[in-house]
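For reference, the structure discussed in these notes is given below.
Quantities reported herein were computed from a predicted structural model and do not represent experimental measurements. Only heavy atoms go into these numbers, but all of them, side chains included; no hydrogens, no water, no symmetry mates.
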Amino acid sequence: MGTNNFGKLPVVVKEVIDVSNVDKAFQFKGKVSVVTFVGSDSIASHGEIYNLNEKIYKKFYGYTDFQMIALVEKGYEKNTEKIKKRLSLSTNMVKWNFIYASKAELEAIFQSFKTTGSLDDNAHSSKAFIIDKEDNLRRGKSTIKSQKDKKLFGYDMNSVAELKNDMHDDVKVVLAEYSFALKKNRNSDERRKNSISNEKN
């Protein structure tokens, strides 16, 4: 479980703008989401998304509550189809979601993340982000020495080490948090049912 084994992954920003505001077919609420901003820069995004797919998506797409959200600027659907086609050659795309929004909408969602960075002129970012089921941005401390004392928000998709070590562990911790909470609630419900049953007997 990595460095966050015995604690919850820190909440860095509370209640970001939910993606349901730009496409009602999708939402962050109730899911553990890995979010990327493709914008209109499909060329830069090809390599980044491939790294994310290999090091994160393939490890977690089997989890019921997990989803991948790639935010793309409207008008660049054809470029996105090329990315999806390449991924589908070796990937089950069931949890990969490409959502189209205006540049202003992409900017608004990104700004709600309150990071120290910004989208480039193509509404693109090389960072991936973890959003939990309550619309909160999560990020643990980095295992990379140069970043250990920094306040971090996302994960550099161009760094295989950062994805493989930091992000992999952090996604795992968030999913484990919800799994533990669910088990705890089920056990509590069972105890309550047994108590009621014993009283009746």
Side-chain angles (χ1 to χ4, degrees), residues 12-13 15-23 25-28 31-58 60-61 66-91 93 95-132 135-139 142 144 146-147 150-168 170-171:
V12 183
V13 179
E15 296 181 349
V16 303
I17 292 176
D18 198 290
V19 72
S20 60
N21 284 281
V22 299
D23 189 333
F26 302 93
Q27 60 179 8
F28 295 149
K31 297 283 186 181
V32 174
S33 307
V34 170
V35 183
T36 68
F37 291 81
V38 174
S40 61
D41 199 342
S42 60
I43 296 174
S45 296
H46 261 288
E48 294 166 354
I49 286 179
Y50 177 79
N51 288 342
L52 195 65
N53 185 63
E54 293 299 308
K55 301 304 175 186
I56 303 298
Y57 178 79
K58 285 186 176 181
F60 297 107
Y61 79 90
F66 176 81
Q67 66 178 348
M68 195 75 79
I69 300 283
L71 293 162
V72 185
E73 187 176 347
K74 286 178 180 175
Y76 292 88
E77 289 82 355
K78 284 186 179 180
N79 293 337
T80 305
E81 288 305 315
K82 292 177 184 177
I83 297 175
K84 289 165 70 175
K85 188 175 181 180
R86 180 187 176 192
L87 291 178
S88 66
L89 294 174
S90 62
T91 302
M93 300 291 287
K95 298 289 180 69
W96 257 114
N97 302 300
F98 288 80
I99 299 172
Y100 302 96
S102 69
K103 199 168 187 175
E105 288 170 330
L106 297 180
E107 287 282 359
I109 293 174
F110 187 85
Q111 285 177 18
S112 76
F113 289 9
K114 298 177 183 176
T115 77
T116 52
S118 59
L119 295 181
D120 62 23
D121 292 339
N122 295 312
H124 159 267
S125 173
S126 61
K127 301 286 186 179
F129 303 90
I130 298 173
I131 306 298
D132 70 17
D135 291 345
N136 300 320
L137 177 64
R138 301 283 203 100
R139 177 55 156 110
S142 180
I144 299 169
S146 62
Q147 297 191 149
K150 293 180 179 179
K151 184 175 182 180
L152 302 170
F153 297 85
Y155 308 81
D156 185 356
M157 290 184 284
N158 292 305
S159 171
V160 171
E162 195 168 332
L163 296 178
K164 185 179 177 182
N165 298 317
D166 294 355
M167 192 173 200
H168 179 275
D170 287 357
V171 172

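- Residue pairs satisfying the salt bridge (Lys or Arg N to Asp or Glu O under 4.0 Å) criterion with at least one member in residues 37-56, sequence neighbours excluded, are listed as follows: Glu54-Lys58.
- In this structure, the separation between CG on Leu163 and CG on Asp156 is 7.5 Å, given to the nearest 0.5 Å.
- Of all heavy-atom pairs spanning Val13 and Ser112, the tightest one is CG1-O, 3.5 Å.
- With a 4.5 Å cut-off on side-chain heavy atoms, Arg86 and Tyr50 count as touching.
- Scored by the side-chain contact (heavy atoms from CB on, under 4.5 Å) test, Asn136 finds Val11, Lys14, Glu15, Asp132, Glu134 as partners (sequence neighbours excluded).
- A search for ring pair (Phe, Tyr, Trp, His ring centres under 6.0 Å) contacts involving Tyr57 returns Tyr61, Trp96, not counting sequence neighbours.
- Checked against salt bridge (Lys or Arg N to Asp or Glu O under 4.0 Å), Asp135 has the following partners two or more places apart in sequence or in another chain: Lys29.
- Every pair tested for salt bridge (Lys or Arg N to Asp or Glu O under 4.0 Å) that includes a residue from residues 107-117 fails, sequence neighbours excluded, so the list is empty.
- Going from atom CG of Asn97 over to atom NZ of Lys95 covers 9.5 Å, rounded to the nearest 0.5 Å.
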**Request:** Walk me through it: do Val32 and Phe60 pass the test side-chain contact (heavy atoms from CB on, under 4.5 Å)?
**Result:** CA-CA 10 Å; Val32 174; Phe60 297 107; over 6 Å; no

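- Between the OG atom in Ser126 and the CG atom in Asp120 there is a gap of 8.5 Å [rounded to 0.5 Å].
- Here the closest non-hydrogen pair linking Ala123 and Lys103 is CB-CG, 3.9 Å.
- Among residues two or more places apart in sequence or in another chain, the side-chain contact (heavy atoms from CB on, under 4.5 Å) test is passed with Ser42 by Asn79, Ile83.
- With sequence neighbours left out, Glu81 forms a salt bridge (Lys or Arg N to Asp or Glu O under 4.0 Å) with Lys84.
- For Lys151, the salt bridge (Lys or Arg N to Asp or Glu O under 4.0 Å) criterion is met by no residue, not counting sequence neighbours.
- Rounding to the nearest 0.5 Å places CD1 of Ile43 at 8.5 Å from NZ of Lys82.
- Nearest heavy atom pair, residue Met157 against residue Ser125, reads CE-O, 3.7 Å.
- Applying the 6.0 Å contact sphere to NZ of Lys164 captures no more than 12 heavy atoms from other residues, nucleotides or ligands.
- With sequence neighbours excluded, the residues satisfying side-chain contact (heavy atoms from CB on, under 4.5 Å) with Ser40 are Glu73, Tyr76, Asn122.
- Contact between Leu52 and Val34 at its shortest, heavy atoms only, is CD2-CG1, 4.0 Å.
- Across all their heavy atoms, Leu87 and Phe98 have their closest contact at CD1-CZ, 4.3 Å.
- At least one donor-acceptor pair under 3.5 Å links the side chain of Gln67 to the backbone N or O of Gln27.
- By the 4.5 Å heavy-atom criterion applied to side chains, Ser45 and His124 are counted as neighbours.
- Judged purely by atom type and a 3.5 angstrom limit, Asp166 has no side-chain atom pairing as donor or acceptor with the backbone of Glu162.
- Evaluation of the side-chain contact (heavy atoms from CB on, under 4.5 Å) rule for Ala108 yields Ile17 as partners, not counting sequence neighbours.
- By the side chain to side chain donor-acceptor pair (under 3.5 Å) test, Ser102 is found to be paired with Glu105, residues two or more places apart in sequence or in another chain being considered.
- Annotation: cation-pi pair Arg139/Tyr155 present, NZ/CZ under 6.0 Å from the ring centroid and within 45° of its normal.
- Across all their heavy atoms, Ile56 and Val171 have their closest contact at CG2-CG2, 4.4 Å.
- Here Phe37 pairs with Phe110, Phe113 under the ring pair (Phe, Tyr, Trp, His ring centres under 6.0 Å) rule; sequence neighbours left out.
- To the nearest 0.5 Å, the span separating CZ on Phe129 from CG on Asp170 amounts to 13.5 Å.
- Separation of atoms OG1 (Thr36) and CD1 (Ile69) is listed at 9.0 Å; rounding is to 0.5 Å.
- Between the side chain of Ser33 and the backbone N or O of Val35 there is no donor-acceptor pair closer than 3.5 Å.
- Contact of the Gln147 side chain with the Leu152 side chain is registered, since non-hydrogen atoms from C-beta on lie closer than 4.5 Å.
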